[in-house]
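Shown next, in C-alpha cells, is the structure this report addresses.
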Amino acid sequence: MAEHRYDPSEIEPRWQEVWARERTWEVSNDGAADGRAGRSRAGGHASSSYVLEMLPYPSGEPHIGHLKCYAVGDAIAHFRRRLGSRVLHPMGYDAFGLPAENHAIKTGVHPRESTAASIASFQRQFRSWGISIDWSREIATHEPSYYRWTQWIFLELFRAGLAYRKEAAVKWCPKDQTVLANEQVDAEGHCERCGALVEVRQLEQWFLRITDYAERLLNDLDAIEWPEHVKTMQRNWIGRSEGAEVTFRCEEIGVDYPVFTTRPDTLFGATFFVMAPEHPDVMRLAAGTAAEQDVRDYVNHALNETNEERGNAERPKTGVSLGRTVTNPVNGEQIPMYVADYVLMEYGTGAIMAVPGHDERDHAFALAFGLPIRRVIAPREDGSATQSGEQDEGLPYSGDGVLVNSHADFDGMGNREALSAIVAWLDREGKGHSSINYRLRDWLVSRQRYWGAPIPIVYCESCGMVPVPDDQLPVELPDVDDYTPKGRSPLAAAEDWVNTDCPACGASARRETDTMDTFVDSSWYFLRYCDAGNDRAAWDPGVLREWMPVDQYIGGVEHAILHLMYARFFTKALADLGHLDFQEPFEALFTQGMVTKDGSKMSKSKGNVVSPAAIVERVGADTARCYILFVGPPDQDADWSDDGVEGIHRFLGRLWRLAAETAERAGSPVAELTAGAASAGDDLALLRKTHWTIDKVSGDLRRFAFNTAIAAVMELLNECSRLRESVGLDTLRFALGNAASLLFPFAPHVCADIYDRLTGERVWEQPWPEAEEALLESEVYELVCQVNGKVRDRVQAGADAGPEALKELCRAAPNVRAHVDGREIVKEIVVPGKLVNLVVR
RNA sequence: GCCCGGGUGGCGGAAUCGGCAUACGCAAUCGACUUAAAAUCGAUGGCCCGAGAGGGCAUGUGGGUUCGAAUCCCACCCCGGGCACCA
C-alpha cells in the first residue's frame, strides 16, 4: 500500500485553484442565473442569505483576529449554502485612514501605493485561507468608483438637512492634528486611534444629525438579534433621560435660563443654580459685579483642563459665585448663581438647578460652599422626618418618597405623582414643559486630513455653500506633495484643486478642503456589495431587496458603538429619503472574542504577535482555522497555543490518512455514500455514531458552538479508528465521508480532498447531511441507579421499558441492594431514558 | 459607584430544559515500532483511603430550595469588559 502523508501545502492550493477557476462562490443578483454555489437543493429558487464579516482595514498583513473572524463567517456561509441558501459572502477594504497617511508623512510614499500593497497582501492571504468569497463584488472605499457614492450619500443627507456646519466646542487630537467625533474619544479623554490626550477647541465643523434618530436607534434595538451586552452599550451611549425643562429667570439682566432636570419633583429643594464654564452667558452675567475677575480666572482655568481632570467625579467640587440670582419658578425664591466645572456644556442646556438635598453632586458642592440643604422628599415609612433640623443625616436622598417642605398643593403627595403634577403646573404657567434628553451628540464627520473622501461642497461668495452636482461626482482626491497636517487639511495646499467655479452661478469659488471621517465610508459598504458594479447609482433598490438586510453580521465587540451605531443611523436616514425599504442593516450580530497570546493582547511592543501567514505556512490553513474555532466558544477570548495547534494538525492528519487508506482499499470512488444494511454489531455502532455526529454538528452550528462541533467529529474519527478492522468498508466509507462533509465548513480543503477520494464528488455541492431519527435512539441504554441521589450502579435497560420495570431493574442492581438492604424505600423517582433514584430512610 | 460577562482537573474547555461532572484536545506517564530519535499506533488518567470490590470528597466561598444543583434563589470573594460629575 502506498504511503499516505497529509500534506496541506499540496492539498490546499490545489482546491483553491478549483474554486478560483470555477468562481465557485460567486452569486448573481438574479437567482435563476446562478452557478452551483447558489443552486437550491430542490432545484427551484433558493432562499437568499447574506453573511458578512466586518470590513477589514488593510494595514500591512492580516492578523490572527482577522483569521478568527473569517473562520467564523466562512463556517456560517458554508453551512447556509449546504442547507440550500444562495449565500452572498463578499469582501472589501476600508482603505482610507490615518495609518496609511502617517506612513506617507514618514516615508513620502503615496497612501494609494502603500494601501494597494496592503490590499494585495490581504487578498493573497484571504485566498490562502480558502475563505469562500465572491470576489466579483470586491470593493475598496478609497477608489473613486466607491467614494463617488459616499459623496452622493453625504449630499443626500445635506439636501435633507441632516448634514450641517456649526461652530462648537469640539474634540481636537493634537497628535493627529484633526477633530474627532465624541465616540472616538475614550472615557479618559484619549484619542481612540493614537492615544494622545484630546483637547477642546471652538471650531466650525461638519456634523451629521444622528441625534434626530436617537429615539429610533434606541427603540429598534428591541427588534434585532444582537448580543444583549452590545445592545446595552448602545442604550447607554444614547442615554435617554425623561424629565422636564424648567425656566429660571435672572431678573437683574432680564434673561431666562432653561435647565433640564429628571427630578422636577425636587424643584422646591433647589437652593442654588450652576452654569458650565463654557456657557456663553457666564462672562456677561459676571460683568460689572465684584466677582468678575474671579469668574474670568476660574473660567480660563476650567477651559484649560483636560477631559481627564474634568471628568473625575472623585475630586472636590470647585466653582465661583457669579454674584447674581435667578428666580425659582415654583416658589419665587431668589437663589444664587455659580459657575462650576462639574456642569457640562454639552449636556442639557449647560446650566442646572442644584438640589443638594437630593443629588450627591449638588450636595458636595453645597457642603463646600456653605449653601443651604433642604429636604423636600421623605422616605415613605418615615413621615416624621419633616423637621428642618440643622443637619439632616439622611441626605442626600435620591430614592422615592413623599413631598415635604414644598407647597401645600404637593406636600404629602408621592414624589412620582408630584413629578407629573408639578410639570403640568409649570406647563400651565408657561414656566416649563416635559422634555427628553439624550447623551448622544451629533456626529462630527469632518477631518483635517488628506487620506479620506473629500466633502463635496463648494463655497461661493454669492451663493454660499453649494453642493457639487451629482453629475460632477466624484470630487477626486488630488495629489499633494506634503501630507503633514498643520491644523488644516493638506488639501488646502492644492491650489489648482481648491479653486473652482461655483456650480450654481459660475463665479470663482473654493472647495471644502476637509475630508470625511472614515467611519462614513464603512457606514454603507454592505449596501454596495449587493450591486457593486453599478456605475449609474449607488445601488438598484430592487437588487437590495434580494439581499438586505444582512442576515448574519460578524465582527469584534470593539465596534459595538462606533461603526454599528453609524451604520444603523445611515440605514434609517437613507430609508427616510426613500432609498431603502428596511430600517435595520444587520438582522443578527455575532461578536467574536479576542485572540491573545500568553494571556495578553498581541502587540508588536510585547513581541507576542502570532502571524497567520507563518502558521498557514507551517501547518496549513485548515489547521489554523480549525484550531481557532476549537480552542473555545468563539464569542469568548481565546489564548493561542502552539501545542494546541499541533493537536488539531494531528487530528486532520489522522482523518485524511484513514480516509485516503480507506479510499484506496475500496478501489474506485463510489458516488453514493451508503452505509449498507448494518443491523448489528460494530457496523451498527459506527452507523449510529455517524448519525449522532450529524445531529450534534448540525445543532452546534446553529448555535455557533464550533468547538463542540469539531470535538464531535473527533469522536467520530476515534470510533472509526477503533472499529476500522471490524466494520464493512461501506460503513467505514460512510462514516468518513460524513466526517469530511460535516467538517467541511471549518476545514474546506482537506474535506474536499477526502470527499473526492471517497466518492469522486464535490462536497460543497452536496446537501447538508441529515440524521436518521431511527438511528439516533438505541434499543438499550445504560440506566443510572441512584440511592438518595448518589450513583450506586448502572444497568442495561430496554428503550421501551416502563417506569415500573425500570424501578424493578434499579432495585435489583447489586450495588443498589447493598445500599438499600435493611432500610425503607420512601420514594422512587423515575426519569425514563435516564435514571431511577430510590430515596431510603 | 452602576450595568453586563465569567470562575469546573496540571492547562484550553464540555455538560443545550434541574438528572451519569470532567466530553474533546493539550501536557504527562507507560508500552509497541525503531540501532536510536522523530513521526505513528496502543494504554493510563480529578483528589484522598483501599490489594481489590468499593467508599469518601470535589464545579470560587457560605447558606437555601429540591428525591437530585456546575445549572435555580440569597449573601459574599476574585477576574475580565462597558459606563461613569449626563443633572
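Note on naming: letters A, B, ... go to the chains in the order of the sequence lines (proteins, then strands), and numbering restarts at 1 for each one.
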Just N and O in the side chain of A/T232: are any of them under 4.0 Å from OP1 or OP2 of B/G82?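 Checking B/G82 against A/T232, no side-chain N or O comes under 4.0 Å of OP1 or OP2.
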A/R235 side-chain N/O to B/G82 phosphate OP1/OP2 under 4.0 Å: no
Go through B/C67, B/C4, B/C41 for me and flag the one nearest to the A/H229 side chain. B/C4
With the side chain of A/P633 defined as its heavy atoms from C-beta on, choose the nearest nucleotide among B/G13, B/A87, B/G55. B/G13
Give one of base, sugar-phosphate or nothing for [X], where a contact means two heavy atoms less than 4.0 Å apart.
X	value
A/V826	nothing
A/N815	sugar-phosphate
A/K231	nothing
A/G647	sugar-phosphate
A/R650	sugar-phosphate
A/T261	sugar-phosphate

Expressed as a whole number of Å, how far does the [atom1] atom of [N] sit from that of [M]?
N	M	atom1	value
B/A43	B/A69	C1'	35 Å
B/C24	B/C33	C1'	27 Å
B/A53	B/G60	P	30 Å
B/G46	B/G9	C1'	5 Å
B/G7	B/A87	C1'	38 Å
B/U59	B/C4	C1'	23 Å
B/U44	B/U35	C1'	29 Å
B/G25	B/C79	P	34 Å

Can you find a pair of side-chain heavy atoms, one from [X] and one from [Y], that are under 4.5 Å apart?
X	Y	answer
A/E828	A/E804	no
A/T708	A/K696	yes
A/E242	A/T262	no

For A/Y347 and A/F260, take the angle between the two ring planes, folded into 0 to 90°, and tell me which bin it lands in: parallel under 30, tilted 30 to 60, perpendicular over 60. perpendicular
Could you check how far [atom1] of [X] sits from [atom2] of [N], rounded to whole Å?
X	N	atom1	atom2	answer
A/F248	B/A87	CZ	P	16 Å
A/W237	B/A84	CH2	C1'	11 Å
A/L562	B/G82	CG	P	12 Å
A/I436	B/A87	CD1	C1'	16 Å
A/F651	B/U40	CZ	C1'	17 Å
A/H649	B/C26	NE2	P	13 Å
A/D793	B/A53	CG	P	13 Å
A/E725	B/C41	CD	P	14 Å

Run through RNA chain B and report every stem of 3 or more consecutive Watson-Crick or G-U pairs, distances under 3.5 Å, ordered by first number. B:1-7 with B:77-83, B:10-12 with B:24-26, B:28-32 with B:40-44, B:46-49 with B:54-57, B:60-64 with B:72-76
Restricting both atoms to N or O, compile the protein contacts to nucleotides 56-58 of chain B shorter than 3.5 Å, with distance only.
residue : atom : partner : partner atom : Å
B/G56   : OP1  : A/R792  : NH2          : 3.3
B/G56   : OP2  : A/R792  : NH1          : 3.1

Select from A/D643 and A/L838 the residue whose nearest nucleotide in RNA chain B is closer to the 5' end of that strand. A/D643
Is the side chain of A/Y298 donor-acceptor paired with the backbone N or O of A/D341 at a distance under 3.5 Å, no angle test? yes
Contacts of type salt bridge (charged side-chain N to carboxylate O under 4.0 Å, His left out), residue A/R439, not counting sequence neighbours: none
Identify, with sequence neighbours excluded, every residue that meets salt bridge (charged side-chain N to carboxylate O under 4.0 Å, His left out) alongside A/R441.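 Testing A/R441 for salt bridge (charged side-chain N to carboxylate O under 4.0 Å, His left out), a comparison that skips the adjacent residues, returns none.
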Would the number of heavy atoms belonging to other residues, nucleotides or ligands and lying under 6.0 Å from CD of A/E346 be above 12? yes
Hey, do the aromatic rings of A/F630 and A/F746 have their centres closer than 6.0 Å? no
Please determine if A/R235 and A/E228 form a salt bridge, counting it only when a charged side-chain N lies under 4.0 Å from a carboxylate O.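 Counted as a salt bridge, because a side-chain N and a carboxylate O are separated by less than 4.0 Å.
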Taking A/R841 first and then A/E824, would you say they form a salt bridge - that is, a charged N and a carboxylate O separated by under 4.0 Å? yes
According to salt bridge (charged side-chain N to carboxylate O under 4.0 Å, His left out), does anything in residues 783-794 of chain A pair up with another residue at least two apart or in another chain? List the pairs. none
For residues A/H358 and A/S398, is any side-chain donor paired with an opposing acceptor at under 3.5 Å?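 Not at all, the side chains of A/H358 and A/S398 share no donor-acceptor pair under 3.5 Å.
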Does either side chain, that of A/T596 or that of A/D639, offer a donor lying less than 3.5 Å from an acceptor on the other one? yes
Once each nucleotide of nucleotides 18-24 of chain B is scored for protein heavy atoms under 4.0 Å, what B/S/- sequence comes out, 5' to 3'? -BBS-BB
Would you call B/G9 syn or anti, using the 90° rule around 0?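 For B/G9, whose glycosidic angle is within 90° of 0, the conformation is syn.
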If anything within 90° of 0 is syn and all else is anti, what is B/C17?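 Base orientation: syn.
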